[in-house]
There are 2 protein chains.
Amino acid sequence: MGFKKRRVKLEDIARRLNISIATVSRALDENPRVKKSTQEKVFKMAKVMGYMPNQIAKSLSSGKTNIIGVLIPRYDEPFFIEVCRGIDQYARNHNYKILISSSRNSYKFEKENLISFEKGLVDGIILSPTHETENVAHLNDLINKGMPIVLFDNIREEVSGADHVIINDEKASFEAVEFLIKKGNKKIAFIGGIKQKKVFQDRYKGYISALAHHNIPLYDELVLHCNSLDREFEDKEILNFFRGLNISPDAVFACTDNYGLLTMKTLLKIGKKIPDEVAVIGFGDLGPGEIFVPTLTCVSQPSFEMGQKAAELLIKQLNESEDIDHIKTIIKLETKLTEREST
Amino acid sequence: MGFKKRRVKLEDIARRLNISIATVSRALDENPRVKKSTQEKVFKMAKVMGYMPNQIAKSLSSGKTNIIGVLIPRYDEPFFIEVCRGIDQYARNHNYKILISSSRNSYKFEKENLISFEKGLVDGIILSPTHETENVAHLNDLINKGMPIVLFDNIREEVSGADHVIINDEKASFEAVEFLIKKGNKKIAFIGGIKQKKVFQDRYKGYISALAHHNIPLYDELVLHCNSLDREFEDKEILNFFRGLNISPDAVFACTDNYGLLTMKTLLKIGKKIPDEVAVIGFGDLGPGEIFVPTLTCVSQPSFEMGQKAAELLIKQLNESEDIDHIKTIIKLETKLTEREST
DNA sequence: AACAATAATACAAACGTTTGTATTATTTTT
DNA sequence: AAAAATAATACAAACGTTTGTATTATTGTT
């Protein structure tokens, strides 16, 4: 004891069997160029000696790591975790692993992380750019250098060489708000997220156009764009919003599950009955909405599937010939409205 | 266009400057062996040519990847994500990245993932073994091969060479139950998790001994060990439990946040008032308990810190001399009871 | 100006694989 | 039994770094 064993390598097996390294390598690959009986000897010896291939050496030699880099804005958002699960599942089934990083909602960290990915650890990248990403030059650069990239969630259309996986946020919101309208609601509040994010812009557009389409007036007072990046502050922001209202809404369309839950919590706190006095719809549908009392009606977003699709697109890119320009693919997934007790 | 650019490497810089690769390498390292003026030339040229070091080649040469493998039983458990956040933060500050995998609560996948880690991609491993892990030979093997390992959460004391990061589950539970008792409750239900997990065993022990210590009878009927591995089934399991009770509990000690929330939801559904008729305590304290109405009193577990500590222990191991046997360290973190509306 | 001391750089092996080409061994053909 | 065809294996370069040692260039000393 006391000494870490030196790893056994191809050379060790080769020496023990008195054959060349190349033959050992090919034998383990079940390459037909090596005789069946030799192959068996090699396999047996490899097992006896506890051989474990060195992935790093393989990667250097092959130029592939079989690792997908995943960059999300934050960990504590079930949506992103669910997307990661989807990526992970698809990737694993196709012999890829995933390396997850968080940009912590910061452009600076996003760039840093991408640079670390660029150092060759990763064959391709799936990311949701942060809202701070105004300039997408770093992404275009990376793509020009030949790095396959897939964007999801907060996509940036200016990024030309990357595939996109999205949902139709505007349509989904339109339908959700229309649903509220058809239930007879006329003073519908909007709780959005960071304005700079395309998803939230689109959800706002959907809200606006649903109102317009049904000739319902839009009250600016009933619109909140949450700016908090942290769970603890969102809470307060929403409470203050509802406390400060002069118009009393009869429904709320919230742009995330969490906003939906916080809204319900706030409404209950100020003594409103849900759904009798105020109806609430959330967006995302990742579990907690089902636990709350009352349960939360949601726009159900196929998060897991988004991850799978993103991985699928990326792996497809990875298998494309290197000397043909990639043709951008955009996948738009369907949402549906899941009605529960809050409406 | 149409061709991915070949990456520029040290050799390219060397050729352009008419110097040797070794000098370029040392220059970029700011090694004093190279003349200041040369260093500057190299840096400039590296920048001009867009040099990006090849991490894989570095790793092969150095024998270190600066990647920590993290293996958790499931992604959709905020506790594990929070631990990962902690690991990530500490690791990143110490120039390590993390590679997260999920064993999906299966011994088979756990082994598979560990093998993939063993292939040299990872300098060390942090893991929470699944409840299915009866035999820890695979862990001991890995440790004997020299792989640094830190266990957290569902630790296995039989694993001798690995550090542990844990909380005092028994004590935390004892205190939580005692808290309920001191509030005058006498029929306290217990909602536990998978019996095979040490954490749940210990929480159960704490429950038992708190009752015993205060001479409160233990009703087997009031004890549930949830076996569901999936969110959707936990729900039903708990509902059925409460529906089937003959004794009506005046308090519930739930072994996770989620069980606590599901308990509250169920109690509200069957018309109980919380906390007036039934008090509820959860375990973990990772957010959702604060949103629910009423908010959930919890044993607060320092999940993020557990991750940080685990990373700290692992990185310490990684820096230990290779020819000295590692001395097992166990870190026990403190919990505290956070009182909210449910008690 | 010759020599030593030191600074700066170059050379080459190593990390553990893969893979194209060369070589040797075996089988087939005549 | 020799030549040709093919099967099996060995050799060596490559992947992009790092690093110990050898070499060359520069400076200082007398």
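Quick note on labels: first sequence line is chain A, next is B, and so on, each numbered from 1. The shown structure was predicted, so the numbers you read here are calculated from the model rather than taken from an experiment.
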N/O (side chain, Lys58(B)) to phosphate O (OP1/OP2, dT17(D)) under 4.0 Å: no
Any Ser59(B) side-chain N or O less than 4.0 Å from OP1/OP2 of dC15(C): no
Among dT18(C), dT17(D), dT18(D), the nucleotide that comes nearest once only the side chain of Ser25(B) is considered: dT18(D)
Rounded distance (Å) that lies between atom P of dC15(C) and atom CD1 of Ile21(A): 10 Å
Thr23(A), nearest nucleotide to its side chain (from dC11(C), dT9(D), dG16(D)): dT9(D)
Sugar-phosphate only, base, or nothing, as touched by Asn18(B) at under 4.0 Å among non-hydrogen atoms: sugar-phosphate
Whole angstrom value for the distance that separates C1' of dA10(C) from CD1 of Ile19(B): 11 Å
Proximity of Tyr107(A) and His131(A) rings by center, below 6.0 Å: no
Arg26(A) CZ - dA10(D) P separation (whole Å): 11 Å
Neighbour count >12 (heavy atoms, 6.0 Å) for atom NZ, Lys44(B): no
dT21(D) base / Arg33(B) side chain donor-acceptor hit below 3.5 Å: yes
Distance in angstrom units between Arg15(A) CZ and dG16(C) C1', rounded: 13 Å
Whole-Å gap separating P (dT9(C)) and NZ (Lys35(B)): 5 Å
Cation-pi geometry met for Arg85(B) and Tyr75(A) (6.0 Å, 45°): no
Min side-chain heavy-atom separation Ile315(B)-Tyr90(B) under 4.5 Å: yes
Distance below 4.0 Å between Ser20(A) side-chain N/O and dC11(D) OP1 or OP2: no
Nearest-neighbour nucleotide for the Lys9(A) side chain, dC11(D), dT17(C), dA12(C) considered: dT17(C)
d(CG, Leu121(B); C1', dC15(C)) in whole Å: 15 Å
Ile13(B) CD1 - dT17(D) C1' separation (whole Å): 12 Å
Length of the line joining Ile56(B):CD1 and dG16(C):P, which is rounded to integer Å: 15 Å
